[in-house]
Colleague: 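Quick one: the structure is below, questions incoming.
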Amino acid sequence: MKQKLFMMAMMVTMVLTACTADEPGPNPNYENNQDLPMFDYDSTNDFVFWPTPSIDDSGLQGEGYDFAYWQQHKAEAQTVAEMMAMCNIPKDMLSAMSTRNLAVTCFHYPYNPTFAAYNDQYKGFLETIAHFNGYAALMKRNGGLQATLDLYAELEQDISSFGYFQAWTFFVCSAVDHKVISNEQVARLAQVVTARFTDGTKSSNLALTYLLGGFIAYHYDTTLPDEQLYLLKSYLQFYCRIPSSDKPIDRISSIIESSLNRLAGRNP
């Protein structure tokens, strides 16, 4: 498995560095569609990623959830699935919870960091959150997307809890990949991401931040030529599976930074 992953990494690196010369090489038969998701988001147990919002949350003010039941009973579980089920928010509490508190509850979902145990970490995150009713409810609420973006903007990038910042970044990536974000939200998100490129954060979180920036650039910057879209797509499809421990090579990071600077200055 390690040898296979090493060979895949070498192939992607060759693709990403192939266009660093002044004159690009032969056309590699670019296949880019900025309107389509790059990843497969098949429904799991009626779990659908970023459906059209259908829950009016304007009057909800309930408190968040602390996963106390899971803490008290997880030792009784016979399987991992049983332990995950213990995290689900009681229906009466979930239906009354404010959307802000629901987003915070999802951020603290105890199994968020489980993505790191998968060979394909992005897919692992998607599979993990499909077991939790909080994420499903958040994506169905009218204010769920904005609450997700607001929480991302507030997070400290050097957060000490392993995996939680990274998991939330993956969650925002899934929203960008579905193109559910408005132009105004894109501009604001681009501002947040570009600010984090230079705030002195640790490298592992910086790598995830560039991944998010790559998603934004690929789906929302209509000025990018096919060659640059192709490079971004190759970069994202590999490094979402196995996130790097540092920022991408100069060619990729330059494309992302320039693109996000344009998007951040877009007039709503």
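The structure presented is a predicted model; accordingly, all values stated were derived computationally and were not measured.
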Colleague: Less than 4.5 Å apart, any side-chain heavy atom of Tyr220 and any of Val176?
Modeller: yes
Colleague: Scan for side-chain hydrogen bond (donor to acceptor under 3.5 Å, both in side chains) pairs involving residues 61-72, sequence neighbours excluded, and state none if there are none.
Modeller: Trp70-Tyr111
Colleague: Taking side-chain contact (heavy atoms from CB on, under 4.5 Å) as the definition, give me every residue that meets it alongside Pro37, ordered by chain and number, with sequence neighbours left out.
Modeller: Tyr41, Asp177
Colleague: Check side-chain contact (heavy atoms from CB on, under 4.5 Å) between Ala190 and all other residues, then give those that pass, not counting sequence neighbours.
Modeller: Leu260, Leu263, Ala264
Colleague: What residues, two or more places apart in sequence or in another chain, satisfy side-chain contact (heavy atoms from CB on, under 4.5 Å) together with Asp35?
Modeller: Asn33, Lys179
Colleague: Looking at residues at least two apart in the chain, or sitting in another chain, which of them share a side chain to side chain donor-acceptor pair (under 3.5 Å) with Tyr210?
Modeller: Glu257
Colleague: Is there a donor-acceptor pair closer than 3.5 Å between any side-chain N or O of Tyr135 and the backbone N or O of Cys106?
Modeller: yes
Colleague: For Glu31, is there any backbone N or O sitting under 3.5 Å from a side-chain donor or acceptor partner on Lys233?
Modeller: yes
Colleague: Partners of Asp150 by salt bridge (Lys or Arg N to Asp or Glu O under 4.0 Å), sequence neighbours excluded?
Modeller: none
Colleague: Sequence neighbours excluded, which residues qualify as side-chain contact (heavy atoms from CB on, under 4.5 Å) partners of Thr223?
Modeller: Asp221, Arg262
Colleague: Given 3.5 Å as the limit, does a donor-acceptor pair link the side chain of Ser258 with the main chain of Ile255, or not?
Modeller: no
Colleague: May I have all residue pairs that pass salt bridge (charged side-chain N to carboxylate O under 4.0 Å, His left out) and include part of residues 102-130, sequence neighbours excluded?
Modeller: Asp120-Arg241
Colleague: Would you indicate whether the side-chain heavy atoms of Ile249 and Tyr235 approach each other to under 4.5 Å?
Modeller: no
Colleague: Grouping I, L, V, M, F, W and Y whenever their side-chain heavy atoms are under 4.5 Å apart, do Tyr239 and Tyr118 come out in a common cluster?
Modeller: no
Colleague: Less than 6.0 angstrom separating the ring centers of Trp168 and Phe165, yes or no?
Modeller: no
Colleague: Sequence neighbours excluded, which residues qualify as side chain to side chain donor-acceptor pair (under 3.5 Å) partners of Gln121?
Modeller: none
Colleague: Please examine the side chains of Phe170 and Ile129, heavy atoms only from C-beta on, and report whether any two atoms are closer than 4.5 Å.
Modeller: no
Colleague: If two hydrophobic side chains count as joined below 4.5 Å and joins carry through other members, does Leu60 share a cluster with Met97?
Modeller: no
Colleague: So which heavy atom on Gln185 is nearest to which on Leu145, and how close?
Modeller: OE1-CD2, 3.6 Å
Colleague: Given Phe132, which of Phe47, Phe67, Phe171, Phe125 fulfils the ring pair (Phe, Tyr, Trp, His ring centres under 6.0 Å) condition?
Modeller: Phe67
Colleague: Under the side-chain hydrogen bond (donor to acceptor under 3.5 Å, both in side chains) rule, what pairs show up with a residue in residues 95-104, not counting sequence neighbours?
Modeller: Asp57-Thr99, Ser98-Asn101, Thr99-Arg141, Arg100-Glu154
Colleague: Using a 3.5 Å cut-off and no angle test, enumerate the donor-acceptor pairs between side-chain atoms of residues 78-89 and protein atoms at least two apart in sequence or in another chain.
Modeller:
from, atom 1, to, atom 2, distance (Å)
Gln78, NE2, Glu76, O, 3.3
Thr79, OG1, Glu82, N, 3.1
Glu82, OE1, Gln78, N, 2.8
Asn88, OD1, Asn133, N, 2.9

Colleague: Could you list the residues that satisfy side chain to side chain donor-acceptor pair (under 3.5 Å) with Ser174, not counting sequence neighbours?
Modeller: Trp50
